Amino acid sequence: MQAVSGLREEQTKLYLNLMLAALDAAARRALEALMDMDKYEYRSDFARKYVAQGRAEGIAEGKAEGIAEGIAKALLQLLAARGVALSEVQRADMLACRDIASLERWFARAVTAQTIDDVLAKD
């Protein structure tokens with residue numbers, strides 16, 4: 001840390017990044033605690049770009065996962081209201097599914113399906 005303290009900001013970040021990557025998990029956590037990385041604001045355009053990109057990707061993934069979970073729960077409610085029986089494995093598979101297109105297809109079929117096989121039929 002002392003060795004990089006007199007360097008330009010971009011060089012400091014590069015060397016700190018390399019140091020963090022080379023450390024084992026315990027040492028990295030200790031160093032990050034010293035540096036208080038949670039509150040650190042990146043100053044370079046390069047770092048800001050990739051932090052923002054990662055944040056945007058995380059938000060998009062979270063939204064997609066939330067949408068899929070909502071459709072799956074609505075699908076199970078629809079099936080229950082219509083009296084369509086399904087196994088616990090099928091119920092768990094529907095709740096775990098994150099493929100929005102499949103969930104939407106199953107939901108559309110569940111509106112008129114008489115059995116769970118009608119809902120899950122392959123095209």
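Residues take their numbers from the sequence shown, with the count starting at 1. Only a predicted model underlies this, so the values are computations on that prediction, with no experimental measurement involved.
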Exercise for the section: Using the test side chain to side chain donor-acceptor pair (under 3.5 Å), find all partners of Q114 that sit at least two apart in sequence or belong to another chain. Expected result: none
Completion exercise
Value for CH2 (W106) from CG (D118), rounded to nearest 0.5 Å, stands at 14.5 Å
N/O donor-acceptor pairs under 3.5 Å from side chains in residues 55-64, not counting sequence neighbours:
unit_1, atom_1, unit_2, atom_2, d
E57, OE2, Q53, NE2, 3.2

Exercise for the section: Determine the minimum heavy-atom distance between I100 and A68, stating which atoms define it. Expected result: CG1-CB, 4.0 Å
Problem - pair L14-L7: side-chain heavy atoms closer than 4.5 Å - result: no
Handout entry: Nearest-0.5 Å distance, CG of residue L76 to CG of residue L86
Key = 6.5 Å
Problem - V89 reachable from L75 in the ILVMFWY side-chain graph, under 4.5 Å edges - result: no
Listing, residues 90-99 side-chain donor-acceptor contacts under 3.5 Å, not counting sequence neighbours, or none:
unit_1, atom_1, unit_2, atom_2, d
Q90, OE1, S87, N, 2.8
Q90, OE1, S87, OG, 3.3
R98, NH1, L95, O, 2.9
D99, OD1, A101, N, 3.4
D99, OD2, S102, OG, 2.6

Exercise for the section: Can you see which heavy atom on A113 is nearest to which on V84, and at what distance? Expected result: O-CG2, 3.8 Å
Completion exercise
Here the gap from Y15 atom OH to E10 atom CD, rounded to the nearest 0.5 Å, amounts to 12.5 Å
Handout entry: Backbone of A121 reached by a side-chain donor or acceptor of R109 within 3.5 Å
Key = yes
